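Just so it is clear: chains get the letters A, B, ... in the order the sequence lines come, proteins before strands, and each one is counted from 1. Here the structure is a predicted model, which means the values were calculated and not measured.
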2 protein chains.
Amino acid sequence: MEDACTAMGAKVAEWKALSPDPLQCPVRDLLDRIGDRWSILLLSMLAAGPMRFNALARAVPDISKRMLSQTLRTLETDGLIDRMVEPTVPPRVTYSLTGLGRSLMAPMLALIIWAETNHAAVAAARRRMAERLATAGEHG
Amino acid sequence: MEDACTAMGAKVAEWKALSPDPLQCPVRDLLDRIGDRWSILLLSMLAAGPMRFNALARAVPDISKRMLSQTLRTLETDGLIDRMVEPTVPPRVTYSLTGLGRSLMAPMLALIIWAETNHAAVAAARRRMAERLATAGEHG
DNA sequence: CGGTATCCACTGGGATACTG
DNA sequence: CAGTATCCCAGTGGATACCG
């Protein structure tokens, strides 16, 4: 895992060498898109298979219809999900991952597994910091 | 790569089975932290090695001192970076990745490589969508 | 069912000025 | 150099009501 760190360092050096303007790198673009509150969650829900609008709403209970609709449209625009409409009454709209969207699952899963694995360590670090601040405050 | 998708589906199913409340899963917690505008960028800058405050500020020209300081403190609180102060005059403060922070580089690098690889495909999807909307508008 | 439209509150984050 | 304090604005996103 340590050499991923080295590789990352090399990547950053590469960016600096290549790009005169570090502001429009593809990574920032990606993060602006899927770094929001809902995108990753919705994509992961669709990993298991296609789902309809209200099924997604039920699976993610704290998303509003507004944000659900908006986030799905963004994901569709970016080519990560497909939106299939069956013009019945009532309408039936099904969302599913595209090939591009599926290809994102591998790196996303890596991140999720990291989060699950190191969740406790992060929580412990937060507790330590809280204690340190409390102690510093006592004799400050 | 397709089986990462299957694995993700399984993960989600696992969450649903385990957790009565999907709202406090570690993944959401992680995203709330590093899903912001600056965290991933700063972490990747530190991958190459320790850096001082103003060096980071120069490396990420569009971050304000306020956000730099604030983001660094959050990352420190979460145990992802170390903050070492040399009490000289003027002060010299050096930031570096912790072991936990370095362990995050692997999944982060995977995501960055995906972004670089599929950047063009996303841009193409956006263009297609823009065209579709324009065409629909013409005879709407 | 699958959305839009409108209104509004909260907060992320920039600008600026000041401090040790 | 390495921050903190204050102010303020723009955008994110929730609540609600309505529509095809």
A:Leu56 side chain reached by A:Leu72 side chain, heavy atoms, under 4.5 Å
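Of all side-chain heavy-atom pairs linking A:Leu56 with A:Leu72, at least one is under 4.5 Å.
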
[X] [atom1] to [N] [atom2], straight-line distance once rounded to whole Å:
X: A:Tyr95; N: C:dC1; atom1: OH; atom2: P; result: 14 Å
X: B:Asp62; N: C:dA15; atom1: CG; atom2: C1'; result: 15 Å
X: B:Ile63; N: C:dG12; atom1: CD1; atom2: P; result: 14 Å
X: B:Leu68; N: D:dA2; atom1: CG; atom2: C1'; result: 10 Å
X: A:Glu86; N: C:dC1; atom1: CD; atom2: C1'; result: 12 Å
X: B:Asp32; N: C:dT11; atom1: CG; atom2: P; result: 13 Å
X: B:Gln70; N: D:dT4; atom1: CD; atom2: P; result: 10 Å
X: A:Leu31; N: C:dG12; atom1: CG; atom2: P; result: 17 Å

So, B:Thr6 versus B:Asp3: side-chain donor-acceptor pair below 3.5 Å or not?
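Not at all, the side chains of B:Thr6 and B:Asp3 share no donor-acceptor pair under 3.5 Å.
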
Following the transitive rule for hydrophobic clusters with a side-chain heavy-atom cut-off under 4.5 Å over Ile, Leu, Val, Met, Phe, Trp and Tyr, establish whether A:Leu111 and B:Ile113 coincide in one cluster.
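In one cluster: yes.
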
Measure from the side chain of [X], starting at C-beta and using heavy atoms only, and say which of [options] lies closest.
X: A:Arg66; options: C:dG14, C:dT6, D:dT4; result: C:dT6
X: A:Pro90; options: D:dG13, D:dT4, C:dC1; result: C:dC1
X: B:Arg37; options: C:dG13, C:dG2, D:dC1; result: C:dG13
X: A:Pro91; options: C:dG13, C:dG2, C:dT4; result: C:dG2
X: B:Phe53; options: C:dG3, C:dG2, D:dA2; result: D:dA2

Could you say whether A:Asp36 or A:Lys65 is positioned toward the 5' end of DNA chain D, judged by the nucleotide with the nearest heavy atom to each?
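Comparing both residues, the 5'-ward one is A:Asp36.
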
To the closest 0.5 Å, what do you measure between OG1 (B:Thr77) and CZ (A:Arg127)?
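If I round to the nearest 0.5 Å, the distance is 13.5 Å.
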
Nearest-0.5 Å distance, CG of residue B:Leu80 to CG of residue B:Leu100:
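Going from the CG atom of B:Leu80 to the CG atom of B:Leu100 covers 5.0 Å.
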
So, is [X] near the phosphate of [N], with a side-chain N or O under 4.0 Å from OP1 or OP2?
X: B:Thr88; N: D:dC1; value: no
X: B:Arg92; N: D:dG3; value: no
X: A:Ser69; N: C:dT4; value: yes

